[in-house]
Number of protein chains: 2
Amino acid sequence: MQETEADFLQIYDRRDYLSPLVTVDAAIFTFHNGELFVLLTKRSEHPEKDKWALPGGFVDETKDTSIEDTVQRKLKEKTGIEAPYVEQLQTVGNNIRDTRGWSVTVIYTALVAFQDCQSYVENISEASWILYSEAISMDVAFDHREIMQAARERLKQKALYSMIPAYALPEEFTLPELQACLEVLIDKPIQKKSFRRRIEQANLVEEVGQRPASGKGRPSTSYKLKANAKGFNFIRNLEA
Amino acid sequence: MQETEADFLQIYDRRDYLSPLVTVDAAIFTFHNGELFVLLTKRSEHPEKDKWALPGGFVDETKDTSIEDTVQRKLKEKTGIEAPYVEQLQTVGNNIRDTRGWSVTVIYTALVAFQDCQSYVENISEASWILYSEAISMDVAFDHREIMQAARERLKQKALYSMIPAYALPEEFTLPELQACLEVLIDKPIQKKSFRRRIEQANLVEEVGQRPASGKGRPSTSYKLKANAKGFNFIRNLEA
DNA sequence: ACAATAGTGTCTGTTAGACAGTATTAT
DNA sequence: ATAATACTGTCTAACAGACACTATTGT
């Protein structure tokens with residue numbers, strides 16, 4: 001007699017098989033004072049205790065129905081907000097990255113506005129914004145340095161042809177702010193005119209009023225992203 | 001007294017923790033007779049027994065030191081060759097895609113030359129090239145239809161700005177062949193001239209001799225990819 | 001000569017880079 | 001008025017799309 005799938009599942013028990021450890025990590029970036037920051041947490045448990053690490057953790061089968069749930073849960077824990085831009089970056093799996101054995105980590109990249117989570121991050125002890133340039137020369141846990149670098153590189157590439165820099169800013173932003181953020185992400189100055197032309201021609205932003213002349217010089221106009229900006233890709237890249 | 005990492009690892013046993021099932025799947029494509037094919041295998045075991053599925057399987061901790069090892073091992077098993085283009089696509093993890101419970105699959109996309117593995121694939125019973133257009137309307141296992149579609153879409157996008165279509169052809173190919181392959185991947189005819197200009201200006205191919213006038217019309221020149229073609233990205237995309 | 005396929009010349013349109021110019025604010 | 005910052009005009013270069021043209025093969 002033929003075994004049915006129901007029969008099979010009756011007997012099957014995942015506990016009978018050894019599966020790699022599965023974790024989810026997030027490289028969360030923001031832009032503040034003309035610089036790029038990455039969110040790191042201090043590990044309170046072994047392994048790699050007391051080292052800085054990307055926020056992340058195990059899938060909690062009682063709380064999460066998918067790895068997106070896991071990453072959103074971790075993001076909320078560490079930043080207090082829901083990130084407007086979260087993208088799966090890469091998955092790393094091998095038997096050397098974690099001393100506990102075969103380990104698989106699903107890595108996400110996220111961008112958040114500094115202002116949206118500054119107070120939350122300041123008031124929890126486990127996480128801090130670290131200057132990216134400093135973070136990559138620190139002795140971080142596991143393979144997290146390589147992961148930060150891969151995430152950084154992906155953001156740079158996407159910044160060349162999409163509006164993702166806007167997600168590292170508050171919902172309302174000015175074009176000079178957006179340009180500064182873009183320039184930091186791609187690590188290269190760009191022409192004001194080129195920048196504004198692209199955005200204007202593609203119809204990606206919507207005016208929301210003047211900025212109240214907060215400093216020196218002519219005040220700038222505030223914009224927010226239009227709905228079509230999400231997922232929009234320019235057909236031509238900026239120069240790398 | 002402080003617990004050291006060595007102490008911790010002494011006590012730690014992965015078997016004490018329940019981790020999701022981890023599998024690796026590959027969406028392997030090729031171009032043949034002007035059409036796009038995907039490699040599918042017939043499942044011989046529960047769950048989803050007897051359905052077509054993407055080739056893949058569990059990480060074998062005795063054979064594999066990384067997930068790249070796992071995917072290369074699977075690729076070799078099913079195609080008999082090492083694929084010239086293998087890229088991690090995406091990781092899907094949730095508690096509904098597999099009836100056995102929480103399951104994570106790391107998905108790769110690969111391109112291979114039909115001629116390089118035709119005889120191998122014909123002679124194993126577990127795998128066959130299926131027309132992509134038919135594959136997506138078949139009742140395939142798990143979430144493999146969505147995965148095939150995601151892989152297809154990624155290839156399309158990359159074909160707009162890279163030389164990946166060449167990896168679905170033998171090492172030596174003609175420009176008309178490459179153009180036909182590109183057109184199938186992006187699902188749109190393109191101008192001969194635009195196509196050839198891009199490749200020539202970027203200096204991506206190298207002549208390897210005339211093709212022996214195998215049919216009607218003027219014979220075409222054979223080329224192979226230069227080393228710099230690997231990873232090369234055009235700064236401007238073809239029209240989507 | 002003709003059909004078929006390979007490959008080129010050249011025009012146009014779009015868009016990024018460069019850079020000089022104008023506009024609006026605070027002091 | 002001046003400094004500082006925001007924003008625009010306009011030229012050029014690069015490159016994809018369009019399409020007509022020439023080249024080389026088999027019959």
Side-chain angles (χ1 to χ4, degrees), chain A residues 33-34 157 159-163 165 169 172-183 185-223 232-240, chain B residues 33-34 157 159-163 165 169 172-183 185-223 232-240:
Chain A
N33 281 157
Q157 290 310 313
L160 294 170
Y161 61 80
S162 77
M163 288 296 280
L169 298 174
E172 295 189 10
F173 53 85
T174 67
L175 294 186
E177 281 165 2
L178 183 58
Q179 180 175 350
C181 182
L182 170 57
E183 288 177 340
L185 284 175
I186 68 174
D187 194 27
K188 183 169 183 281
I190 59 171
Q191 294 283 335
K192 242 182 332 196
K193 186 67 190 185
S194 303
F195 168 72
R196 301 175 87 101
R197 223 179 359 211
R198 276 163 81 84
I199 293 172
E200 187 183 18
Q201 288 192 5
N203 210 270
L204 295 172
V205 295
E206 176 176 8
E207 207 176 314
V208 290
Q210 294 293 121
R211 167 94 13 141
S214 53
K216 296 177 283 193
R218 174 171 168 179
S220 48
T221 310
S222 281
Y223 296 89
F232 180 89
N233 291 336
F234 295 96
I235 55 149
R236 187 164 163 186
N237 282 17
L238 294 172
E239 280 179 3
Chain B
N33 282 158
Q157 290 310 312
L160 294 171
Y161 62 81
S162 77
M163 287 296 280
L169 297 174
E172 296 190 9
F173 53 84
T174 67
L175 294 187
E177 280 165 3
L178 183 57
Q179 181 175 349
C181 182
L182 169 57
E183 288 178 339
L185 284 175
I186 69 174
D187 194 27
K188 182 166 183 283
I190 59 171
Q191 293 284 333
K192 241 182 333 196
K193 186 67 189 184
S194 304
F195 168 73
R196 301 174 88 101
R197 224 179 0 209
R198 276 162 81 84
I199 292 172
E200 188 183 16
Q201 289 192 3
N203 210 270
L204 294 172
V205 296
E206 177 175 9
E207 207 175 314
V208 291
Q210 295 292 121
R211 167 86 24 132
S214 54
K216 297 177 283 193
R218 175 172 169 179
S220 47
T221 310
S222 281
Y223 296 88
F232 179 89
N233 291 336
F234 296 94
I235 55 149
R236 186 161 162 189
N237 282 16
L238 294 172
E239 280 178 3

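Residue numbering restarts at 1 for every chain, and letters A, B, ... go by the order of the sequence lines.
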With [X] via side chain to side chain donor-acceptor pair (under 3.5 Å) - residues at least two apart:
| X | value |
| --- | --- |
| A:Q157 | A:E153 |
| B:E183 | B:Q179 |
| A:D187 | none |
| B:R197 | B:S194 |

State the [atom1]-[atom2] distance between [X] and [Y], to the nearest 0.5 angstrom.
| X | Y | atom1 | atom2 | answer |
| --- | --- | --- | --- | --- |
| B:K192 | B:L175 | NZ | CG | 11.5 Å |
| A:L182 | A:R198 | CG | CZ | 8.0 Å |
| A:L238 | A:K188 | CG | NZ | 8.0 Å |
| B:F234 | B:S162 | CZ | OG | 8.0 Å |
| A:S222 | A:E207 | OG | CD | 9.0 Å |
| B:N237 | A:R236 | CG | CZ | 11.5 Å |

Contacts of type salt bridge (charged side-chain N to carboxylate O under 4.0 Å, His left out), residue B:E172, not counting sequence neighbours: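 B:E172 satisfies salt bridge (charged side-chain N to carboxylate O under 4.0 Å, His left out) with no residue once adjacent residues are dropped.
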Below 4.0 angstrom, which residues in [range] have at least one non-hydrogen atom near DNA chain C?
| range | value |
| --- | --- |
| residues 188-196 of chain A | A:Q191, A:K193, A:S194 |
| residues 197-208 of chain A | A:R197, A:R198, A:Q201 |
| residues 233-240 of chain A | A:R236, A:L238, A:E239 |

What residues from residues 173-180 of chain B pass a heavy-atom cutoff of under 4.0 Å to DNA chain D?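 Within residues 173-180 of chain B, no residue comes under 4.0 Å of DNA chain D.
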Between D:dC7 and A:T221, is there an OP1 or OP2 to side-chain N/O distance shorter than 4.0 Å?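 So the side chain of A:T221 is within the cut-off, an N or O lying under 4.0 Å from OP1 or OP2 of D:dC7.
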Please report the end-to-end axis angle for the helix from C:dA1-D:dT27 to C:dT27-D:dA1, five pairs per end, rounded to 10 degrees.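 Rounded to the nearest 10 degrees, the bend comes out at 10°.
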Results of ring pair (Phe, Tyr, Trp, His ring centres under 6.0 Å) for A:Y223 - residues two or more places apart only: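 So A:Y223 forms no ring pair (Phe, Tyr, Trp, His ring centres under 6.0 Å) with any residue.
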Of all residues at least two apart in sequence or in a different chain, which pass the ring pair (Phe, Tyr, Trp, His ring centres under 6.0 Å) check with A:F195?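 By the ring pair (Phe, Tyr, Trp, His ring centres under 6.0 Å) rule, A:F195 matches no residue at all.
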Step through the shown structure and confirm whether more than 12 heavy atoms of other residues, nucleotides or ligands are within 6.0 Å of CD on A:E206.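 Yes, CD of A:E206 has more than 12 neighbouring heavy atoms, counting only those of other groups under 6.0 Å.
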Which of these nucleotides, C:dT5, D:dT5, C:dA6, is closest to any side-chain atom of A:R218?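 Among the listed nucleotides, the one closest to the side chain of A:R218 is D:dT5.
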Is the closest side-chain heavy-atom distance between A:I199 and A:M163 below 4.5 Å?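 They are in side-chain contact.
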